[in-house]
Every structure is written in structure tokens, then in C-alpha cells.
Amino acid sequence: MNKLLFKLNSKLIFRSFIFYLFIFLIFGGYAFFSFQLLSDSYYSNYVVFFDTLTFMDAVMYVLLFSVAVFFSQQKNTLENICFVPRSKSVGVKFLSVIVCSSTICVIPFAFMLISGIVEKVGALFVFISVVYGVLRWLVIILIAQTFGFLIGYITNSVYSYLFAIPFTILNTFLNEYLFNWLFSGDSNRMYSFSHYFSSQQKFAVGMPVEYRGPVVDTEFFVKFLISVFLCLTIFFIIIQIAKKKFTFKAMSGAVVSAVFLCIFSAFYFQLHPVRYSNEEKLYISGYKTQPYKITSYSGNISLKEWAEYDIAVGVKGTGDAESVTLRIDESLDIKSLEIGGRTADFERSGDLLTVHSPDDEFTLELRCRGRISYVSNANSMNIYTSAVSCALPPDFAFLPKIDGDKSQKQYDLKIKSGNTLISNLDMEEQGDIYIISDSASTACFFSGFLTQTEKDGITFYYASCDKLTDHDEIYRIFREDSNLYFDHEKNEIVEGKWEEKPKVFIIYYMYGTNAFAVPYDDFVMLHFGFTTQIRGPIC
Amino acid sequence: MLNIENLNFGYKKNESTLKNINLNVDSGFTLLVGENGSGKSTLINCITGQLSGSGSIKINEIPCGSEDYAKLISYLPQVFDVYPMLKVREILEFVAGLKGVPKEEVKNEVALAAQRTNTDAFLENKFKKCSEGMKRRVGIAAALMGKSEVIILDEPTAGVDPGERRQFYRTIKECFEGKTVIISTHILDDIESLADSIIMLSRGRVTCHLPYGEFLSSLGREATLEELWMHYREAEDVTVE
């Protein structure tokens with residue numbers, strides 16, 4: 001019977017004027033916004049462009065909500081004369097509306113697929129962007145139509161459509177204003193709640209290292225599951241209301257779904273990236289010089305969402321001290337820390353790790369695991385690890401560091417990465433393992449859709465998915481047009497030309513540099529602005 | 001046969017819209033009459049299973065509420081206002097499917113019902129394009145679907161002109177011969193030829209359940225329908241078993 005009811009409802013939906021109007025407005029609105037945005041902005045790739053259609057998302061939310069209200073209030077005369085239980089006809093109608101409305105996902109699907117083929121970005125990139133685009137729209141559809149159907153069914157009034165306004169504000173990026181007011185300046189909580197309630201993507205201006213746009217990471221997938229369980233919870237509540245009396249089956253369905261909703265919600269808040277300030281994680285200028293230096297790093301690193309480090313860190317004394325304070329990011333949980341096979345005596349406070357009574361020269365054997373996920377105060381995800389990409393910039397303590405230690409270190413590491421890995425260190429690729437054997441004063445790792453070319457003895461690293469940017473021109477602007485660069489040790493902008501380096505990273509790097517070049521010993525980071533701006537330093 | 005025993009129903013606590021209803025309705029055409037608020041619609045809703053009160057309702061010993069019960073009953077509401085954008089054929093096919101007609105028999109059953117109700121020429125028409133009379137015939141065709149033993153018609157000719165009413169009664173007479181048909185109505189004048197028995201409700205009670213001929217002669221003289229109505233409205237239960 002359910003199959004037949006679904007067929008009936010689908011026919012009714014696909015033949016209704018309201019649904020045609022909805023489809024027309026979605027297609028028309030999408031075309032209009034696309035034309036407007038593409039005519040006056042530049043995008044590094046199609047996924048970044050897709051994510052800037054935030055106003056279209058809000059319009060889509062209103063339309064989806066209204067469509068659900070309309071069908072929730074449709075009379076079920078045919079079902080009634082056939083004595084179909086009310087709960088069944090309402091339940092199937094609810095699911096039919098969502099399934100039929102989901103046909104609009106053909107827009108992101110076709111857009112991502114065609115754009116990917118046109119921009120020749122590769123099969124993996126196309127695949128993850130298609131999955132992301134479709135899931136992102138599904139989240140909006142599920143949330144908008146679940147609330148729309150519930151409100152329409154309960155109120156059964158023409159005024160139900162007015163509820164589209166508060167729900168759109170709550171479930172889109174517009175809720176930032178609301179939560180900003182509620183949490184009065186606590187930006188971490190404000191953004192956590194805002195993103196939790198919003199059906200849209202979280203960082204409208206945020207971008208990963210290679211400008212590829214967001215992908216389906218754990219956090220996004222959890223968000224999708226939250227939408228599914230919210231939908232199921234409300235579905236069972238609607239069934240319960242339709243039955244007009246308590247039924248164990250419907251109530252237990254609602255309770256079980258609500259429990260999953262709560263579990264995934266709690267998980268979401270845990271996964272939500274933490275905001276940081278540049279002085280805390282990157283450009284630490286107030287160094288407390290230590291009587292120790294790091295001489296070597298060796299071991300294995302696995303780059304994924306919960307990255308794993310099993311490394312040995314060689315430490316040598318340069319003066320007298322009873323303890324040494326290292327810096328290792330607090331997001332990494334230390335599983336074991338040993339010196340010479342024995343558990344070391346240590347204390348941790350935030351990013352600082354103090355090891356007591358070490359010898360003059362010793363090796364720290366460290367096993368740690370954690371999810372690095374930081375967002376800058378410009379809403380950019382720019383320190384993170386994930387299955388397909390990571391951004392571990394040079395000043396960031398993803399490996400133990402000693403403040404003020406500028407000495408040369410030997411790196412002998414095996415790094416497992418799900419995508420192309422680049423670094424200032426020389427490396428050899430063996431499948432998904434990168435074998436590193438090099439020495440440098442600092443190290444950085446970036447993985448993602450990245451590529452490299454060589455010109456005049458300089459190696460250039462940049463995004464492989466960004467086919468539209470003239471990287472030679474970017475480099476020329478930084479070298480010739482700009483007379484300023486960013487000093488990472490002093491955390492300030494310095495006047496003058498920077499020395500030519502053998503390795504140049506033309507990638508999205510980090511906030512706080514105002515898009516100036518950031519030179520290090522043997523490489524330079526060229527942060528080249530936002531995806532929708534003219535490329536080059538902001539000066 | 002429809003059997004109702006000790007049916008009580010109230011929309012609110014301590015309120016009885018139906019009071020201790022006991023009825024055995026055999027095959028044939030039974031008129032269900034009563035003034036507004038007498039409980040006709042509530043009784044129909046209880047019989048169709050949309051409302052549930054205390055007591056029992058059975059068709060051929062199958063209790064109300066079971067899936068089999070729903071297959072044994074057809075209901076034609078006062079206004080057969082189904083989805084206007086569907087074709088007549090689609091409406092009948094969906095009704096057949098929802099009433100448990102096997103998939104392979106649906107087409108035949110629809111064709112047969114359309115033929116019997118003279119709607120076969122309109123099967124491909126959208127429902128919204130049908131005239132009011134045609135819509136009622138589609139409703140009858142829908143009620144013919146499946147293996148219904150009991151047919152409930154709720155005010156089927158309200159707002160219909162006398163000519164069309166006669167045509168309508170002729171159609172239901174032909175289509176539902178041998179079934180248990182309960183017709184809830186206000187208009188007795190032109191339905192007499194159809195009626196085998198009559199049930200009168202007043203203030204939630206059955207005040208009369210008689211063969212129609214007996215009902216007409218029950219006052220022992222040539223009484224008008226209005227006199228009979230007034231008489232039985234105030235009467236205690238007069239039921240012939």
C-alpha cells in the first residue's frame with residue numbers, strides 16, 4: 001500500500017502548478033544569481049562559486065518550506081474513501097514531498113559534473129564536489145521541508161506560510177545576527193550554534209589550502225546525519241499527531257531518532273573547528289628562549305581527519321636547565337611520551353609541554369593522535385587535517401617545537417597522505433607514502449589537489465584544481481609590484497624586497513598576512529588573496 | 001451483513017453523540033435519516049472506522065478496524081472531491097489498488113466499473129474537467145472497486161436537480177443490487193422506490209428501524225412522510241428484528 005500511496009503522491013506533486021512554479025523559481029533564481037555573480041567576480045573554481053550562492057540558498061529554503069506547507073494541507077479524500085489510515089497517508093505524503101523536491105539536486109549534480117569536465121580538474125575532485133553539492137542541497141531540503149510540513153500540518157492555515165520567515169532566519173546564514181546577539185561577542189559559541197542551526201555551508205568566505213572549496217568531511221557528514229535524524233524525529237511526531245492517540249511504535253520511533261539526533265548534535269559541537277588568533281598558533285613573537293634545541297625528527301605520520309604521529313624527537317641541551325618546555329598543539333592527545341623506553345615525567349598546559357629532569361641530550365618518543373581543525377577570525381579553515389587534504393603551516397606546532405629554536409633539524413619521516421603532499425622538505429613518493437629525508441630549520445606540509453612546476457630553478461607549488469589562475473603572473477606581482485612582505489617572527493609587515501627562494505608556495509595560506517609574501521629560510525608562502533578578489537597582495 | 005452492538009460514542013468525555021446503537025442491516029437499500037445533529041455522520045464515521053467508540057461493529061463477523069474489514073466497505077462522501085489533476089482512469093486504478101484488487105485485475109475491474117457507471121468514455125479525462133453528474137458516477141465506480149459488501153452513501157444527491165437524482169438512483173440500483181447499501185439522506189421523496197428499509201436517528205438514538213413498507217403503514221393510515229418523520233423523531237426504539 002505504501003508503494004501505491006507514494007506513486008499517487010508523486011503523481012500529484014509532479015502535476016501540481018505549485019511544484020512547477022517551485023521548479024521554475026529554483027532554476028530561474030539559480031540562473032539569475034549565477035549570472036549576477038559570474039559577471040562581476042572571479043572564482044578559482046566552480047565549487048567556490050557554488051558556495052557563494054548563499055542568498056539563493058535562503059530563497060530556496062523559503063520555497064521548499066512553502067511547498068511542504070502546501071502539500072501538508074492538501075485534502076486526502078481519495079485515501080479517506082479507501083480507508084487508508086490517516087497516519088499512513090500523511091506519513092507517505094511527507095516522504096513523497098521530500099523525495100520529489102530532491103529532484104532539484106539535479107542542479108548541483110549537473111553543475112558540478114559539467115564544470116568539472118570543462119575545468120579538467122580530475123575524477124576525484126569531480127566526485128567529491130558532486131557528492132558535496134548534492135548533500136549540501138539535501139540538507140537544505142530535509143530541514144526546510146520537515147519544518148514546513150510540520151507547521152503546515154499542525155496549523156492547517158494559510159498563515160503557515162508566514163512561518164517560512166523565522167525558520168529561514170534560523171536555518172540559514174542569517175542566524176548569525178541572532179546568535180551574535182544571544183552570545184554577545186562569544187564568537188566560538190556564536191559560530192558553533194549558528195552553524196549547527198544553519199542548513200547552509202558553514203564558512204561562506206572560508207577556503208582550504210588549494211582553493212578547492214569545501215568537501216564532505218566528518219563534520220559535514222555529521223551535519224547531514226543530524227538533518228536525517230531531525231527529519232525522522234519530526235516524521236514520527238507527525239505520525240503520532242495523525243494517529244490522534246498514543247502509539248508505542250510511533251513514539252519509540254520518535255524517541256530513538258531524537259536520541260540519535262542528540263548524539264550526533266553533541267558530536268557536531270565537538271567537531272566544530274576552534275577559532276584561534278594568529279599570535280596563539282602562528283606568529284608567536286614573545287619567545288621564551290629555551291636552553292635546548294631540537295636536532296631531529298624521525299618516525300611515521302598519518303595525515304587524516306584524526307591524524308596520528310609516532311615520532312622520535314632528538315633534543316639537545318644548550319645550557320643548564322631542569323626541564324624543557326616544548327610546544328605541541330593541544331588538539332593532539334598524547335598517547336605515550338617516553339625517553340629511553342621509560343615514560344617521561346611531563347606536564348601539559350594548553351600548547352605547552354614541559355618535560356622534567358631530562359638529560360643533556362635525549363630522544364623523546366612521542367605517540368599522539370588528534371583532530372587539528374582551526375578556523376581563523378576571517379572565517380577561513382586554514383589549519384586542519386582531513387582525508388583528502390591538510391594544511392600544517394610552518395609556524396604551527398603539529399610537531400613538537402621549541403620556542404625561538406632556529407637551528408637546522410634533520411627530518412626522516414614517512415608520511416601517509418590521501419592526496420598529493422607538498423612540503424619545503426625534499427621527499428620521495430611511494431604510493432600514498434611520502435618518504436622525507438632532508439634538513440631545514442622549520443617544516444610545513446600541505447596536501448590536497450596540488451601540483452608543482454619548475455622554472456628557472458625555482459619549484460612552484462599551486463592548486464591543480466585551479467586552472468584559471470595565471471600563477472606566473474601571481475609570482476610576478478609578488479616579486480615586482482609589491483615592496484612589502486610579512487615577517488613571521490615579528491608578526492608584522494616589513495618594507496623591502498624578499499630574497500628569492502628555491503621553493504614557492506602559491507596557495508591559500510593563512511589569515512593575518514594581509515596577503516603579503518611570507519618568506520622563510522628556504523621557501524616563501526604566497527598567500528594570494530580571496531577567491532573572489534583580484535589576486536595579489538592587498539596594498 | 002452489517003452488525004452493530006452496543007455502540008456508544010462521544011466527542012468529549014461525559015457526552016454521548018451515539019447512545020447504545022444496536023443494528024443488524026441486511027442486504028438491500030437502507031435509508032439512514034434524521035435531522036441535523038442527530039448523529040448520522042457520526043454513525044457513518046464509526047461504521048467506516050474513522051471514529052471508534054465502545055461496542056462492536058462487524059461485517060460478516062469481521063470486526064471494524066481490521067484490514068479485511070476495510071476491503072468489505074465502500075464509502076461515497078457527500079462531495080466526491082478527489083485530486084482534480086488526476087485522470088478518471090488513474091483515480092479508479094488507485095482506488096482499486098488501495099482496496100486490495102490484485103495488480104493484474106486492476107485494468108479489468110476499472111473497465112468493468114466504468115462500463116457499469118457509463119463513465120468509460122471519460123476515463124482519459126482529467127477529473128477537474130468532469131461535470132458534477134459525471135463526478136458522482138466516478139464516485140459510484142470507485143465504490144464498485146474491490147469486494148465491498150457494504151456501501152455507504154453520504155447525502156449522495158444533496159444539491160442535485162430532480163432529473164439528475166433519478167438518473168443517479170437508477171445507476172446505484174443497477175450497480176449495487178445484492179449489496180448492503182446505506183444511504184444517509186434528508187430527501188425521502190424520490191428515493192422511496194429504492195428503499196428496502198429505513199433507520200431513523202434522533203439525538204444519537206435509533207428511534208426506528210423498519211422495512212420501508214412497514215414504516216409507511218406504521219401509523220395505521222395513509223400518513224405523509226412529514227407526519228412519519230415527526231412521529232418517529234420522538235419515538236422510542238421501534239425495531240423489527
Side-chain angles (χ1 to χ4, degrees), chain A residues 1-24 67 70-97 100-101 152-153 156 239-250, chain B residues 11 44-45 47-52 59 64-103 106 126-128 135 138-146 148 150-154:
Chain A
M1 185 188 273
N2 288 344
K3 210 171 150 187
L4 195 65
L5 282 175
F6 179 76
K7 197 175 157 190
L8 168 67
N9 282 296
S10 304
K11 262 194 181 168
L12 296 172
I13 292 166
F14 281 121
R15 284 189 195 171
S16 72
F17 171 74
I18 290 291
F19 195 74
Y20 282 122
L21 183 67
F22 160 71
I23 295 283
F24 172 77
V67 164
F70 177 81
F71 286 107
S72 71
Q73 294 177 354
Q74 200 176 40
K75 283 183 188 168
N76 298 322
T77 318
L78 191 67
E79 291 92 323
N80 292 345
I81 63 164
C82 296
F83 310 111
V84 175
R86 198 200 318 259
S87 56
K88 200 166 258 191
S89 34
V90 172
V92 174
K93 184 158 281 183
F94 173 79
L95 296 176
S96 307
V97 170
C100 292
S101 300
Y153 186 68
N156 196 22
I239 297 285
Q240 183 62 73
I241 295 169
K243 279 182 184 281
K244 289 189 172 169
K245 60 181 178 187
F246 177 86
T247 57
F248 180 76
K249 220 170 162 182
Chain B
Y11 287 99
I44 285 175
N45 285 336
I47 295 170
T48 56
Q50 292 175 60
L51 296 175
S52 58
I59 297 173
C64 178
S66 67
E67 258 187 51
D68 287 342
Y69 179 92
K71 285 176 188 167
L72 290 174
I73 190 165
S74 280
Y75 171 62
L76 184 62
Q78 188 174 350
V79 182
F80 187 69
D81 184 19
V82 292
Y83 305 115
M85 63 289 278
L86 292 184
K87 290 176 182 175
V88 171
R89 181 182 49 76
E90 288 170 328
I91 290 170
L92 297 179
E93 281 177 0
F94 278 119
V95 172
L98 292 171
K99 291 200 73 77
V101 175
K103 214 173 173 183
V106 166
K126 284 213 170 134
F127 188 71
K128 65 180 175 188
K135 283 179 181 173
V138 173
I140 297 170
L144 279 169
M145 294 296 158
S148 303
V150 175
I151 320 289
I152 313 259
L153 309 176
D154 188 7

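Atoms considered below: every heavy atom in the structure, side chains included; atoms not considered: hydrogens, waters and symmetry mates. Just so we're on the same page: letters track the sequence lines, and every chain starts at 1. Computed from a predicted structure; not experimentally measured.
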>> Using a 6.0 Å cut-off, check whether atom NZ of A/Lys243 has over 12 heavy atoms from anything other than its own residue.
In response: no
>> Heavy-atom cut-off 4.5 Å, strictly under: side chain, backbone, both or neither for B/Ser74 against chain A?
In response: backbone
> Going from CD1 on B/Ile91 to CG on A/Leu78, what distance comes out if it is rounded to the nearest 0.5 angstrom?
Replying inline: 6.5 Å
> Would you say the side chain of A/Asn76 lies within less than 4.5 Å of the side chain of B/Tyr83, judging by non-hydrogen atoms?
Replying inline: yes
> What part of B/Phe80 gets closer than 4.5 Å to chain A, counting heavy atoms only: side chain, backbone, both or neither?
Replying inline: side chain
>> So A/Ile81 and B/Leu98, do their side chains get closer than 4.5 Å, heavy atoms only?
In response: no
> Does atom CZ of A/Arg86 have more than 12 heavy-atom neighbours, drawn from other residues, nucleotides or ligands, at distances under 6.0 Å?
Replying inline: no
>> Return the CG to NZ distance between A/Leu4 and B/Lys99, rounded to the nearest 0.5 Å.
In response: 13.0 Å
> When rounded to the nearest 0.5 angstrom, what is the spacing between CG in A/Leu8 and CD in B/Glu93?
Replying inline: 12.0 Å
> Is atom CZ of A/Phe24 surrounded by more than 12 heavy atoms (other residues, nucleotides or ligands) closer than 6.0 Å?
Replying inline: no
> For A/Phe17, does the CZ atom have more than 12 heavy-atom neighbours from other residues, nucleotides or ligands under 6.0 Å away?
Replying inline: no
>> Holding to ring-ring contact (aromatic ring centres under 6.0 Å, His included), I want the full list of residues that pass it with A/Phe19, two or more places apart in sequence or in another chain.
In response: A/Phe14, A/Phe22
>> Need one label for A/Lys244: side chain, backbone, both or neither, based on atoms under 4.5 Å from any heavy atom in chain B.
In response: neither
> Could you state the interatomic distance from CZ (A/Phe83) to CD1 (B/Ile73), rounded to the nearest 0.5 Å?
Replying inline: 4.5 Å
> What part of B/Ile152 is in contact with chain A, defined as an atom under 4.5 angstrom from a non-hydrogen atom: side chain, backbone, both or neither?
Replying inline: neither
>> A side-chain contact here means heavy atoms from C-beta on lying under 4.5 Å apart; do B/Tyr75 and A/Asn80 qualify?
In response: no
>> Any non-hydrogen side-chain atom of A/Glu79 less than 4.5 Å from a side-chain atom of B/Phe94?
In response: no
> Considering residues at least two apart in sequence or located in another chain, which fulfil the salt bridge (charged side-chain N to carboxylate O under 4.0 Å, His left out) criterion with A/Lys11?
Replying inline: B/Glu90
